[in-house]
Amino acid sequence: MTVVTASTSKPSTARADVLVLGVRTDDDATDVADALTAVGFTGKEGQVATFPAGGFGKVKTVVALGLPTEPSAEKLRRAAAVGLRAAQQAGARSVALALHPAGVDEVAAIAEGVGLGAYRFDTYKTSKNDSDDEPDTVVDKVQVLTPFARQSTTSAAVERAGIVARAVNAARDWVNTAPGDLRPPAFADAIAALATKDLDVTVWDEKRLAKEGCGGLIGVGAGSDVPPRLVRLTYAPSKPVTHLALVGKGITFDSGGLSIKTGSGMQTMKMDMAGAAAVVAAVTAIAELGLPIAVTAWACLAENMPSGSATRPGDVLTLRGGRTVEVHNTDAEGRLVLGDGLALAAESPADRIVDVATLTGACVIALGERTTGLLGNDDDLRDAVLASAEAAGEPTWALPIPEEIGQAVTSSTIADVRQHNPKPYGGTSYAAAFLREFVGEKPWAHLDIAGPAWNDGSVRGYTSVGGTGTAVRTLVRLAEDLSAS
Ligand code: BES
Ligand code: ZN
Ligand code: ZN
């Protein structure tokens, strides 16, 4: 675990294995300028050059890091992660980061970038990594150099960054875990293990789910050898200013069911529980931060498998609350489990509902792999979520639910609701229109994270390979914003 602190040390006095020294192209000459020029370092944003400190300061190695000329929180988060990883590659156990933060918010961004950038998933590695870009050492101590280190607002900001980064990294771990090792009962147990005196956890097994009328979870889980679970996590401080419900899609593996996916189409489908991972991780962070807002998370866990007991296209499921759904495509399973979770959230005392789901491939087609789709039934909540996402640095874009798509959802000839779009267009909006049927009158926002939940490429900025933990930071920021309003 990487421990981050703030320190008033100067680059020349900081004690660490590696000093990461931020340089701007418009910087005046520094002590190390000659050495930098010699290795072709220009200070361009994101550029790194690692060299022996050669007597400079109290460190063994210096990593020069090109900083943005106009820093923003997001640019600093990314820069801190890049610098941290370069120090990691240089074998550092302790790192001093001199990125010249101009205020407490910038210290916070740097600390968050460090916590997120230090992430590695090596659960299944049995031997030390011999690849060049994956060092064996783990950085366990990071000092963020800043003249504001002694201010209480600085230590609070660094602590917050640590809480948030640990929550994001927990979500990443779950998403990266092999799907056979995190089937619904195991995932439910892992969530139950998070219970504390501030965090109440209730797990509904398949018997309880049937009794409670959660036909979406039962129907989606019917093809699997292991039963579905619904997990409710509650953080209820005294005198909360408001109550937020979070609902997460937790398909621990999405084979498509009988409407089976192609081999390549299911390659990454262990990530189909990223929404559940995000809402659970967010609640743990909100509780640790002690925010004055009540939050209940509903994790809807099922494994979508084909078998003789699987739900068929043409079957009719009765979801929580009694609404019947005609199933057309068993690969559109997320909306079925979310229907149960959203109905429960709608019955609860929550004032607002936000769900998070790797729901539609159509959203990735519309917005690309890095942007979350935002839909819902309430303009104020939409704007609040957009503002939180912006502050968190998680690209998010609002999409509509056009009237005719909303109408198509209720066009089933044999049931109340039609699961699947009769037309091949607007898949993300159709899925959201379906979900809207289960939220009643409450303000509700839906985050479709099918693209950003998973990074297929290589590590970039603070974004790890594989599970990214997306949406955790937006949700925590939203809870903070709602707490303050
Ligand atoms: N889990 C998938 C959505 C998905 C696709 C997530 C790609 C991440 C990356 C979801 O359950 C699904 O299969 N959706 C179908 C819906 C369709 C059958 C209406 C899709 O998007 O193709
Ligand atoms: Zn699916
Ligand atoms: Zn799915």
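- Sequence neighbours left out, not one pair with a member in residues 274-291 passes side-chain hydrogen bond (donor to acceptor under 3.5 Å, both in side chains).
- Between Phe438 and Phe434, the ring planes are tilted. Angles from 30° to 60° get that label.
- A salt bridge links Arg473 with Glu112: the closest approach of a Lys/Arg side-chain nitrogen to an acidic carboxylate oxygen falls below 4.0 angstrom.
- Sorted by first then second residue, the ring-ring contact (aromatic ring centres under 6.0 Å, His included) pairs that include residues 184-208, not counting sequence neighbours, are Trp174-Phe187.
- Residues forming a salt bridge (charged side-chain N to carboxylate O under 4.0 Å, His left out) with Asp331 (at least two apart in sequence, or on another chain): Lys261.
- Each salt bridge (Lys or Arg N to Asp or Glu O under 4.0 Å) pair with one or both residues in residues 177-203, not counting sequence neighbours, appears once here: Arg183-Glu303.
- Here the closest non-hydrogen pair linking Thr468 and Val168 is O-CG1, 3.7 Å.
- Minimum interatomic distance between Gly256 and Thr330 (heavy atoms only, all atoms of both residues): O-OG1, 2.7 Å.
- The salt bridge (Lys or Arg N to Asp or Glu O under 4.0 Å) contacts involving residues 415-437 comprise Arg323-Glu437, where partners must be two or more places apart or lie in separate chains.
- For residues 382-393, the set of pairs meeting the salt bridge (Lys or Arg N to Asp or Glu O under 4.0 Å) definition, not counting sequence neighbours, comprises Asp379-Arg382.
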I would like to know whether Arg312 and Asp315 meet salt bridge (charged side-chain N to carboxylate O under 4.0 Å, His left out); could you show each step before the answer? CA-CA 5 Å; Arg312 310 150 194 78; Asp315 276 344; 2.9 Å; yes
Solution key, residues 364-376 side-chain donor-acceptor pairs under 3.5 Å, sequence neighbours excluded:
none

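- For the residue pair Thr358/Asp272, the side-chain donor-acceptor check at 3.5 Å is satisfied.
- The minimum heavy-atom distance between Pro237 and Ala294, with the atom names listed, is CD-CA, 3.8 Å.
- When all heavy atoms of Val95 and Ala92 are compared, the closest pair comes out as CG2-CB, 3.8 Å.
- Gln419 contributes a side-chain N or O that, together with a main-chain N or O of Asn329, makes up a donor-acceptor pair within less than 3.5 Å.
- Residue pairs meeting the salt bridge (Lys or Arg N to Asp or Glu O under 4.0 Å) criterion with at least one member in residues 342-362, sequence neighbours excluded, are Arg320-Glu347.
- With sequence neighbours excluded, the residues that form a side chain to side chain contact (heavy atoms under 4.5 Å, CB included) with Arg78 are Glu74, Tyr462.
- Not counting sequence neighbours, Asp340 has no partner by the salt bridge (charged side-chain N to carboxylate O under 4.0 Å, His left out) test.
- Here Arg232 pairs with nothing under the salt bridge (charged side-chain N to carboxylate O under 4.0 Å, His left out) rule; sequence neighbours left out.
- Distance alone, capped at 3.5 Å, is enough to place a donor-acceptor pair between the Ser464 side chain and the Gly467 backbone.
- Among residues two or more places apart in sequence or in another chain, the salt bridge (charged side-chain N to carboxylate O under 4.0 Å, His left out) test is passed with Glu206 by Arg229.
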